[in-house]
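The shown structure was predicted, so the numbers you read here are calculated from the model rather than taken from an experiment. A, B, ... follow the sequence lines: proteins, then strands. Residue 1 opens every chain.
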Amino acid sequence: MNELKFNEKVWFLMKKIPKGKVATYKALAEKMGTKAYRAVGNACRRNPNPPYIPCHRVVKSNGGIGGFKGKTSGPYIQEKIFLLKKEGIKFENKKILNFKEVLFEF
DNA sequence: GCTTTGACTCTCG
DNA sequence: TCGAGAGCCAAAG
């Protein structure tokens, strides 16, 4: 049972992200010892585990939001941004202004 | 068991 | 700065 599946590893790292901070798919993948950047996003998109996973704290390496609720654009993205903004993260045109400031390093 | 998809990342022009 | 292409891995069909 110590065999953490790929998705489980992703969730575990996500939960480690403190409030007001964000992480990139790349960081997550590399931290778990793989380059499955996409697989990380897949784990979140399918989100086998509900609100238990703070997927909104995971962004792209360029500071972009990526997606939310299975959508890469639309009101869902705005909502994701709004949540992050409430945590002290600044956004501009769907991009994180203080990206490096809020970027959480494992 | 192969094919398709995806909330990605990097490189080149 | 921006767009297109290639590379990468895992889950679902």
Could you tell me whether A/Lys71 contacts a base, only the sugar-phosphate backbone, or nothing, with contacts defined as non-hydrogen atoms closer than 4.0 Å?
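No contact at all - A/Lys71 keeps every heavy atom at 4.0 Å or more from the nucleic acid.
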Specify the separation, in whole Å, of atom [atom1] of [X] and atom [atom2] of [N].
X       : N      : atom1 : atom2 : result
A/Ile53 : B/dA7  : CD1   : P     : 18 Å
A/Glu30 : C/dC9  : CD    : P     : 12 Å
A/Lys9  : C/dA11 : NZ    : P     : 10 Å
A/Phe6  : C/dA12 : CZ    : P     : 12 Å
A/Trp11 : B/dA7  : CH2   : C1'   : 16 Å
A/Lys35 : C/dG7  : NZ    : C1'   : 12 Å
A/Asn42 : B/dG6  : CG    : C1'   : 5 Å
A/Glu8  : C/dA10 : CD    : C1'   : 14 Å

Reference residue A/Ile81; test side-chain contact (heavy atoms from CB on, under 4.5 Å); the match among A/Tyr76, A/Phe68, A/Phe91
A/Phe91
Should we say atom NZ of A/Lys31 is surrounded by more than 12 heavy atoms from elsewhere, each under 6.0 Å from it?
no
Should we say atom NZ of A/Lys35 is surrounded by more than 12 heavy atoms from elsewhere, each under 6.0 Å from it?
no
Results of ring pair (Phe, Tyr, Trp, His ring centres under 6.0 Å) for A/Phe106 - residues two or more places apart only:
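A/Phe106 satisfies ring pair (Phe, Tyr, Trp, His ring centres under 6.0 Å) with A/Phe104 only.
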Nucleotides 9-13 of chain B: which of its N/O atoms have a protein N/O under 3.5 Å away?
unit_1	atom_1	unit_2	atom_2	d
B/dT9	OP1	A/Ser61	N	2.6
B/dT9	OP1	A/Ser61	OG	3.4
B/dT9	OP2	A/Ser61	N	3.2
B/dT9	O5'	A/Ser61	OG	3.3

Output the single nucleotide from B/dA7, C/dA11, C/dA10 whose closest atom is nearest the side chain of A/Arg45.
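It is B/dA7.
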Closest contact, heavy atoms only, A/Leu13 versus A/Leu28:
CD1-O, 3.6 Å
Starting from the C-alpha separation in whole Å, work towards a yes-or-no answer on salt bridge (charged side-chain N to carboxylate O under 4.0 Å, His left out) for A/Arg57 and A/Glu87.
CA-CA 10 Å; A/Arg57 288 193 190 138; A/Glu87 296 192 355; 3.2 Å; yes
